[in-house]
Amino acid sequence: MMKRKLKIYLPFVNAGIQEVATYRVNWIFFMLGNAIACFVSYFIWAAVYSSGGEESMNGFTMPQMVVYIVLMFLTSTIIASDGAYVVGEEIRDGTIATRLIKPVSYNATFLFQELGNKLPTEIAIAVPMIIVVEIARTVMSGEVQFNALNLLLYILSCVAAYLINFYFNICFGFLAFVIKYLWGANMMKNCIIGFLSGTVIPLSFLPDALERVFLFLPFASLNYTPVMIYMGKYSGAELCYYLGLQVFWVLFFFGLSKGLWKASVKRLTVQGG
């Protein structure tokens with residue numbers, strides 16, 4: 001049964017890889033944009049630590065903040081999903097109608113195609129970036145910081161984070177059944193998630209009560225949790241709790257996407273196509 005399912009959906013992986021190859025210039029500019037944002041973030045934090053005159057702020061030294069910034073850039077790239085945009089566009093232009101007549105899962109086709117999109121990215125940047133991070137940590141601390149277990153747990157956490165992000169974006173994309181065009185809403189969503197997920201500022205810099213609330217929300221599971229795991233900030237029961245929380249949000253949004261899909265197709269109105 002599983003082999004038959006894979007045979008059906010593997011062509012979508014190949015389609016995703018070919019899409020990246022076809023629009024490789026767009027991919028290069030996307031990566032350059034992320035790299036520039038990473039450098040800007042570094043200079044901002046360097047100025048903050050310099051003006052503050054303290055070695056450590058909220059549990060982060062400046063060298064640790066540098067590692068945090070790079071890992072946040074890497075993690076954001078690994079777990080990125082444009083499901084909300086793609087679903088919204090298909091609903092808007094009517095191409096979703098062609099998917100409805102195919103004997104395959106709507107969500108699964110997106111998932112496997114997006115995995116194909118991500119494979120070149122993981123091969124091109126993930127391994128080199130990890131090596132760079134470990135070299136930087138060793139140079140800044142004066143001793144080897146690499147922990148194989150933390151790396152393995154980071155990878156597992158990134159898998160869960162990607163699935164959360166994917167199914168959340170699918171659910172968000174279904175709003176197009178109601179509001180028709182998602183461009184503005186998608187921009188607002190990305191800005192809010194950037195803050196809630198710790199991309200803009202580590203959640204430990206927030207007031208304690210607000211930090212606890214944000215850590216429970218699914219958005220902290222996207223970027224903040226994997227990065228903190230890699231940096232060794234979580235261990236023992238705390239580590240199990242945050243990994244378990246990620247699994248909970250994966251199951252929650254997976255179930256929600258199924259329910260929203262069944263409810264949404266009943267009110268489908270095609271704008272174009």
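Only a predicted model underlies this, so the values are computations on that prediction, with no experimental measurement involved.
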Checklist entry - Can you find a pair of side-chain heavy atoms, one from E238 and one from M228, that are under 4.5 Å apart? => result no
Checklist entry - Sub-3.5 Å donor-acceptor pair from the side chain of T138 to the main-chain atoms of E134, do we have one? => result yes
Next on the checklist: Measuring from atom CG of N169 to atom CG of N186, what distance do you get when rounded to the nearest 0.5 angstrom?
Outcome noted: 7.0 Å
Item to check | Derivation and outcome, side chain to side chain contact (heavy atoms under 4.5 Å, CB included), residues T77 and I125 | outcome: CA-CA 9 Å; T77 304; I125 73 163; 3.5 Å; yes
Checklist entry - Measuring from Q64:CD to M57:CE, what's the distance to the nearest 0.5 Å? => result 13.0 Å
Checklist entry - About how many Å separate CG of N150 and OG of S235, when rounded to the nearest 0.5 Å? => result 9.0 Å
Checklist entry - Which residue, E55, M140, R137, forms the side-chain contact (heavy atoms from CB on, under 4.5 Å) with P63? => result M140
Item to check | Between Y154 and Y230, ring centroids under 6.0 Å | outcome: yes
Checklist entry - Is atom OH of Y241 surrounded by more than 12 heavy atoms (other residues, nucleotides or ligands) closer than 6.0 Å? => result yes
Checklist entry - Can you check side chain to side chain contact (heavy atoms under 4.5 Å, CB included) on I229 and Y242, steps first, answer last? => result CA-CA 9 Å; I229 288 174; Y242 286 114; 5.6 Å; no
Item to check | G59 backbone acceptor or donor facing K233 side chain under 3.5 Å | outcome: yes
Checklist outcome for this item: Smallest heavy-atom separation, T75 atom then C158 atom, equals CG2-SG, 4.1 Å
Checklist entry - Where do I131 and I135 land on the side chain to side chain contact (heavy atoms under 4.5 Å, CB included) test, with the steps shown first? => result CA-CA 6 Å; I131 294 172; I135 292 174; 3.8 Å; yes
Item to check | Side-chain donor/acceptor of S41 to backbone N/O of C38, under 3.5 Å | outcome: no
Item to check | Stepwise side chain to side chain contact (heavy atoms under 4.5 Å, CB included) test for L256 and Y167 | outcome: CA-CA 8 Å; L256 183 62; Y167 285 112; over 6 Å; no
Next on the checklist: Quick one, I130 and L74 - any side-chain contact, counting heavy atoms below 4.5 Å?
Outcome noted: yes
Next on the checklist: If we ignore hydrogens and angles and just use 3.5 Å, is the side chain of N165 paired with the main-chain N or O of A161 as donor and acceptor?
Outcome noted: no
Next on the checklist: In this structure, would V127 and V227 fall into the same cluster of hydrophobic residues linked by side-chain contacts under 4.5 Å?
Outcome noted: no
Next on the checklist: Checking side-chain contact (heavy atoms from CB on, under 4.5 Å) between Y162 and each of L115, V250, L222, which is the one that passes?
Outcome noted: L115
Checklist entry - Which of parallel (below 30°), tilted (30 to 60°) and perpendicular (above 60°) describes F252 and W249? => result perpendicular
Next on the checklist: With a 4.5 Å cut-off on side-chain heavy atoms, are L156 and Q246 touching?
Outcome noted: no
Item to check | Note, F254 side chain near L163 side chain (heavy atom, < 4.5 Å) | outcome: no
Next on the checklist: With clusters defined by side-chain heavy atoms of hydrophobic residues (ILVMFWY) lying less than 4.5 Å apart, directly or transitively, does I192 cluster with F214?
Outcome noted: yes
Next on the checklist: Grouping I, L, V, M, F, W and Y whenever their side-chain heavy atoms are under 4.5 Å apart, do L151 and I78 come out in a common cluster?
Outcome noted: yes
Next on the checklist: Can you classify the ring geometry of F205 versus F60 as parallel (below 30°), tilted (30 to 60°) or perpendicular (above 60°)?
Outcome noted: tilted
Next on the checklist: Assigning hydrophobic clusters by single linkage (Ile, Leu, Val, Met, Phe, Trp, Tyr; side-chain heavy-atom cutoff under 4.5 Å), is V144 placed with L71?
Outcome noted: yes
Between side-chain atoms of residues 195-204 and protein atoms elsewhere (two or more places apart, or another chain), which donor-acceptor pairs fall under 3.5 Å?
unit_1, atom_1, unit_2, atom_2, d
S197, OG, I193, O, 2.7
S197, OG, T199, OG1, 3.0
S197, OG, N223, ND2, 3.1
T199, OG1, N223, ND2, 3.0
S204, OG, N58, O, 3.4

Next on the checklist: Tell me if the OH atom of Y42 is crowded by more than 12 foreign heavy atoms within 6.0 Å.
Outcome noted: no
Checklist entry - Are F43 and M65 grouped together when hydrophobic residues (ILVMFWY) are joined by side-chain heavy atoms under 4.5 angstrom apart? => result yes
Checklist entry - Within the distance-only criterion (no hydrogens, no angle test), does the side chain of S257 pair as donor or acceptor with the backbone N or O of C171 below 3.5 angstrom? => result no
Checklist entry - So, F219 versus F168, ring centres under 6.0 angstrom or not? => result yes
Checklist entry - Would you call L153 and L239 a side-chain contact if the rule is heavy atoms closer than 4.5 Å? => result yes
Next on the checklist: Are Y224 and Y68 packed together at the side-chain level, in the sense that at least one heavy-atom pair is separated by less than 4.5 angstrom?
Outcome noted: yes
